[in-house]
Amino acid sequence: MFMKMRKMRIFCLLLLVLGEAWSHVTPRPNFVLLMADDLGIGDPGCYGNKTLRTPNIDRLAGGGVKLTQHLAAAPLCTPSRAAFLTGRYPIRSGMAAQNQVGVFIFSASSGGLPPSEITFAKLLKSQGYTTALIGKWHLGTNCHNSSDFCHHPLSHGFDYFHGIPVTNLRDCKPGEGSVFTTAFRLLVFIPLQVLALALLTLAGLRWLGLFRVPPALIFSLLFLAALVLGLLLCFLHFFRPLNCFLMRNHDITQQPMSYDNLTQRSFLKDNICGPLTCGSMRVNHIPVLVKFGRFEHSFFSLSGQILDVLDELKLANNTLIYFSSDQGAHVEEVTVKGELHGGSNGIYKGGKATNWEGGIRVPGILRWPGVIQAGLELDAPTSNMDLFPTVANLAGAPLPEDRIIDGRDLMPLLLGQSQRSDHEFLFHYCNFYLNAVRWHPRNSTSIWKAFFFTPKFSPEGANGCFATHVCFCHGHSITHHDPPLLFDISQDPRETDPLTPTSEPRFWEILEVMQQAAAHHTRTLQDVPDQLSPGNIIWKPWLQMCCSWSGLSCQCDREKEEGRGSH
């Protein structure tokens, strides 16, 4: 039976992996991996925020290592989470879109993390660990019918799942507006205006006697207008219940999801029978928040609860805790009242959906009392893909030999056995497209970053793509650079002054090395199915999950029923 913890106004994704067996020589460590969603590097106090109180995250950082150049493998939720779980660039698993939509929007999409991919949960389970994921998944659910669960967390190595299968859009909370405003304008309002103009023109011509308008034509135009308007109303009515719901394992427990009654359960206390490995991806889509002032109570409080439970169970000294974000803050997130709620990326340019530093440089904190030096700060480039080999090696699980693992074990760096990361090159993708390359040469303090293209911010001079709510990766939305735009991140972290052959004597030499590295990396890629193709992300009625039909919609609240039964 699960013990109820305090109600949370932010739904957090907590991935928990519990170990059931001890090594005969040295006890295997426990892991708690916490990943926020859309949390900027400028949001936590320990990364320089002077106005937002984050004592629990600051407490975590004070007792461990703070990575100041920790990088998301992708600047969007779905591909970044795929990379985190598999230790591989998302393009290798088909989790990098070739079209503009780079994440899953509908619960009834057929794409998702392929069953052939190996997550660290699968590796840990093979070593006798009990695994659980609590919170946001966003990596697909079903393939062929509404109950095959081919992409579900339980098909990827997790023994327990309690959370949301898709994402935490503002559309999931009544009164917070919609992220589909631009789509509504292009697909609904403009067509309706064209139809209305056509009807008025035909009516005018008929009134003037200049044209005999067939009644069938009038009827057809009215039918088209009614159809477009009807589809809009259906979308507005059905989107929330069909896509914003809670699941426990394979069962829907609350549809639509209610933030007022959202609770967390104590998986830690009820499942420990050996070493504990906890991995967590915490989710924070800003529209869920009422005010920034409540950030600590609604989001960061979970980390404090975890630390308290580990102390209570005397497991803190044998537990590696990791805290990060799946990408930078969504700077274009504006409420219906016009308030900026996108969070802070500190001094860094851009945000979510871009490979400017603000979109991929994220908080990175690791704590392991007695093993990792407390209060340490490391500036070496690291990636959220690095958690895969780090966790696997500490748990004694051999890495897969039939595929490329792009992550690198962090322990030599964290233990001071190495002064630099094993990543000489890191490749930054904007969906399917190689956007930039980062190079940290051996025996050099310089960190070069070359952009092959950059997004066009709008309006001009802004720090994001406010006209479209998010920046896109190809077509008219980007500017190509030949030669590539080159920065020395170690000297210009704000990416404001691109280098030239005049300002950097080795300009062409540096670019040649980086382009050769990019070409070599590209040759290691294999053709795989695009899990985010239009055919895979479109809503399919036969894949739609529904707890019970009520009033032409899906409605149930087993969370509330279980909450009453626990009192």
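As a basis for the values below, the full set of heavy atoms in this structure was taken, side chains included, without hydrogen atoms, waters or symmetry mates. Residues take their numbers from the sequence shown, with the count starting at 1.
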Student: Before giving the answer on side chain to side chain contact (heavy atoms under 4.5 Å, CB included), spell out for F180 and L169 the whole-Å C-alpha distance, their side-chain angles and the decisive distance to 0.1 Å.
Tutor: CA-CA 10 Å; F180 301 108; L169 296 176; 4.1 Å; yes
Student: Specify the closest pair of heavy atoms between S80 and A72, including all atoms of both residues, with the distance to one decimal.
Tutor: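 Heavy atoms of S80 and A72 come nearest at OG-CB, 4.0 Å.
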Student: With rounding to the nearest 0.5 Å, note down the distance linking CG in L113 to CZ in F104.
Tutor: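 Nearest 0.5 Å value for the CG-CZ distance: 8.5 Å.
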Student: Any side-chain heavy atom of Y89 within less than 4.5 Å of one from P79?
Tutor: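 They are not in contact (no side-chain heavy atoms under 4.5 Å apart), so the answer is no.
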Student: Quick one: pull up NZ in K349 and OG1 in T454 and give me the separation to the nearest 0.5 Å.
Tutor: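 Nearest 0.5 Å value for the NZ-OG1 distance: 7.0 Å.
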Student: Would you indicate whether the side-chain heavy atoms of K456 and S477 approach each other to under 4.5 Å?
Tutor: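 No; the side chains remain at least 4.5 Å from each other.
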Student: Go through I537 and I105 one step at a time and tell me if the side chain to side chain contact (heavy atoms under 4.5 Å, CB included) criterion holds.
Tutor: CA-CA 7 Å; I537 65 173; I105 298 173; over 6 Å; no
Student: Any side-chain to backbone donor/acceptor pair from S107 onto N243? Under 3.5 Å, distance only.
Tutor: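 No, the answer is negative, given that no donor and acceptor are paired below the 3.5 Å cut-off.
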Student: State, with a plain yes or no, whether a side-chain heavy atom of R367 is found less than 4.5 Å away from one of I372.
Tutor: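 Not touching, per the 4.5 Å side-chain cut-off.
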Student: Can you find a heavy atom in the side chain of L34 that is under 4.5 Å from one in the side chain of I306?
Tutor: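 Result yes, sub-4.5 Å side-chain heavy-atom pair found.
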Student: Within a 6.0 Å radius of atom CZ on F472, are there more than 12 heavy atoms belonging to other residues, nucleotides or ligands?
Tutor: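 Yes - once you tally the heavy atoms of other residues, nucleotides and ligands closer than 6.0 Å, there are more than 12.
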Student: L71 and side chain to side chain contact (heavy atoms under 4.5 Å, CB included): which single residue from Q327, H428, H423 fits?
Tutor: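 Between L71 and the candidates, side chain to side chain contact (heavy atoms under 4.5 Å, CB included) is satisfied uniquely by H428.
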Student: Give a yes or no on whether a salt bridge exists between D406 and R92, defined as a side-chain N under 4.0 angstrom from a carboxylate O.
Tutor: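 Salt bridge flag = yes for R92 with D406.
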Student: Is any side-chain heavy atom of L413 less than 4.5 Å from a side-chain heavy atom of V65?
Tutor: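 A side-chain contact under 4.5 Å is absent here.
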Student: Determine yes or no for a side-chain-to-main-chain donor-acceptor pair under 3.5 angstrom, with T500 supplying the side chain and T502 the backbone.
Tutor: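 Yes, T500 side chain to T502 backbone: donor-acceptor pair under 3.5 Å.
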Student: Please work out whether the ring planes of W356 and F451 are parallel, tilted or perpendicular, with thresholds of 30° and 60°.
Tutor: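 Tilted, since the angle between the ring planes falls between 30° and 60°.
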Student: Quiz question: by atom type and distance under 3.5 Å, do the side chains of Q69 and R438 form a donor-acceptor pair?
Tutor: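 Per modelled atom types, Q69 and R438 side chains form a pair under 3.5 Å.
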Student: Between R523 (side chain) and A518 (backbone), is there a donor-acceptor pair under 3.5 Å?
Tutor: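 No.
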Student: Any sub-3.5 Å donor-acceptor pair from H330's side-chain atoms to H469's backbone N or O?
Tutor: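 Answer holds: yes.
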Student: Please name the pair of heavy atoms, one in S458 and one in A467, separated by the smallest distance, quoted to 0.1 Å.
Tutor: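 Reported closest heavy-atom pair: OG-CB, 3.4 Å.
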Student: Under the 3.5 angstrom rule, does the side chain of T78 hit a backbone N or O of V103 as a donor-acceptor pair?
Tutor: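 Absent.
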Student: Check whether any side-chain N or O of R494 sits under 3.5 Å from a backbone N or O of Y348 as a donor-acceptor pair, and report yes or no.
Tutor: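 Absent.
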Student: Atom NE2 in H480, atom CG in L485: separation rounded to 0.5 Å?
Tutor: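 Atom-to-atom, H480:NE2 and L485:CG are 13.5 Å apart.
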Student: For L139, run the side chain to side chain contact (heavy atoms under 4.5 Å, CB included) check against H151, E117, M95, H156 and tell me which one passes.
Tutor: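 So, applying the side chain to side chain contact (heavy atoms under 4.5 Å, CB included) to L139 and each of H151, E117, M95, H156, only M95 qualifies.
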Student: Keeping D43 on the side-chain end and G40 on the backbone end, is there a donor-acceptor pair under 3.5 Å?
Tutor: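 A pair under 3.5 Å: yes.
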Student: Working to the nearest 0.5 Å, report the span between OG1 of T468 and CD of Q100.
Tutor: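 It comes to 8.5 Å.
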Student: From W539 CH2 over to F238 CZ, what is the distance, rounded to the nearest 0.5 angstrom?
Tutor: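 W539 CH2 to F238 CZ: 8.5 Å, rounded to 0.5 Å.
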Student: Tell me yes or no: between the side chains of T54 and N56, is some donor less than 3.5 Å from an acceptor?
Tutor: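 N56 and T54 do not have a side-chain donor-acceptor pair below 3.5 Å.
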Student: Side chain to side chain contact (heavy atoms under 4.5 Å, CB included) with V331: which of T354, V470, N345?
Tutor: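 Only one option passes, and that is N345.
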Student: Given side chains that start at C-beta, do those of N49 and T51 come closer than 4.5 Å, heavy atoms only?
Tutor: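 With C-beta onward as the side chain, the pair touches.
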Student: Please identify which of these residues, W439, Y429, F425, meets the ring-ring contact (aromatic ring centres under 6.0 Å, His included) condition with H521.
Tutor: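 Among W439, Y429, F425, the one that satisfies the ring-ring contact (aromatic ring centres under 6.0 Å, His included) with H521 is Y429.
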Student: Start with the C-alpha distance between L525 and I91, add both sets of side-chain angles, then the distance that settles side chain to side chain contact (heavy atoms under 4.5 Å, CB included), and finish with yes or no.
Tutor: CA-CA 8 Å; L525 303 177; I91 193 172; 3.7 Å; yes
Student: Give a yes-or-no answer on whether the side chains of N536 and S110 include a donor-acceptor pair shorter than 3.5 Å.
Tutor: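 Side-chain D/A pair, N536 to S110: present.
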Student: Could you verify whether a donor N or O on one side chain and an acceptor N or O on the other, from N435 and N355, lie under 3.5 Å apart?
Tutor: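 Per modelled atom types, N435 and N355 side chains form a pair under 3.5 Å.
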Student: Check the pair C77 / D38 against side chain to side chain contact (heavy atoms under 4.5 Å, CB included), numbers first and verdict last.
Tutor: CA-CA 8 Å; C77 313; D38 293 6; 4.1 Å; yes
Student: Are D488 and K449 ion-paired here, with the side-chain N under 4.0 Å from a carboxylate O?
Tutor: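 Salt bridge absent between D488 and K449.
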Student: Counting only heavy atoms not in I538 (residues, nucleotides, ligands), do more than 12 fall under 6.0 Å from its CD1?
Tutor: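 No.
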Student: Quiz question: by atom type and distance under 3.5 Å, do the side chains of S324 and N384 form a donor-acceptor pair?
Tutor: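 No, because no side-chain N or O of S324 sits under 3.5 Å from a partner of the opposite role on N384.
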Student: With a 3.5 Å cut-off and no angle check, do the side chains of S383 and R408 form a donor-acceptor pair?
Tutor: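 No, no side-chain donor-acceptor pair sits under 3.5 Å.
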Student: Please determine whether a side-chain nitrogen of the Lys or Arg among K136 and D37 lies less than 4.0 Å from a carboxylate oxygen of the Asp or Glu.
Tutor: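 Here K136 pairs with D37 in a salt bridge, since their nearest N and O are under 4.0 Å apart.
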Student: Using the benzene-type ring in the case of Trp, are the ring centres of F466 and F457 under 6.0 Å apart?
Tutor: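 Centroid separation for F466 and F457: 6.0 Å or greater.
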Student: What are the two closest heavy atoms between P241 and P256, and how far apart are they?
Tutor: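 Result for this residue pair: CA-CB, 3.8 Å.
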Student: How close do L187 and V228 get, heavy atom to heavy atom, and via which atoms?
Tutor: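 Looks like O-CG1, 4.2 Å.
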Student: May I ask you to test the C46-I365 pair for a side-chain heavy-atom distance under 4.5 Å?
Tutor: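 Result yes, sub-4.5 Å side-chain heavy-atom pair found.
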Student: Tell me whether S421 contacts the main-chain N or O of P381 through its side chain, where contact means a donor paired with an acceptor under 3.5 Å.
Tutor: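 Yes, because the side chain of S421 sits within donor-acceptor range (under 3.5 Å) of the backbone of P381.
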Student: Test your reading of the model: is there a side-chain donor-acceptor pair from R88 to the backbone of I404, 3.5 Å cut-off?
Tutor: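 At least one qualifying donor-acceptor pair exists.
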Student: Output yes when a side-chain donor or acceptor of S444 lies under 3.5 Å from a complementary backbone atom of P441, and no otherwise.
Tutor: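 Absent.
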Student: Heavy-atom distance under 4.5 Å between the side chains of L434 and F453, does that happen here?
Tutor: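 The answer is no; the side chains never approach within 4.5 Å.
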Student: Kindly assign one of parallel, tilted or perpendicular to the pair F388 and F120, based on the angle between their ring planes and the thresholds 30° and 60°.
Tutor: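 Tilted, since the angle between the ring planes falls between 30° and 60°.
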Student: Show your working on ring-ring contact (aromatic ring centres under 6.0 Å, His included) between Y322 and H70 and close with a plain yes or no.
Tutor: CA-CA 12 Å; Y322 166 76; H70 195 49; 5.7 Å; yes
Student: Where is the tightest heavy-atom contact between N431 and A96, given as atom of each residue plus distance?
Tutor: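 So the two residues come closest at O-CB, 3.4 Å.
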Student: First locate atom CZ of F452, then atom OH of Y433, and finally report the distance between them rounded to the nearest 0.5 Å.
Tutor: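 One finds 15.5 Å between CZ of F452 and OH of Y433.
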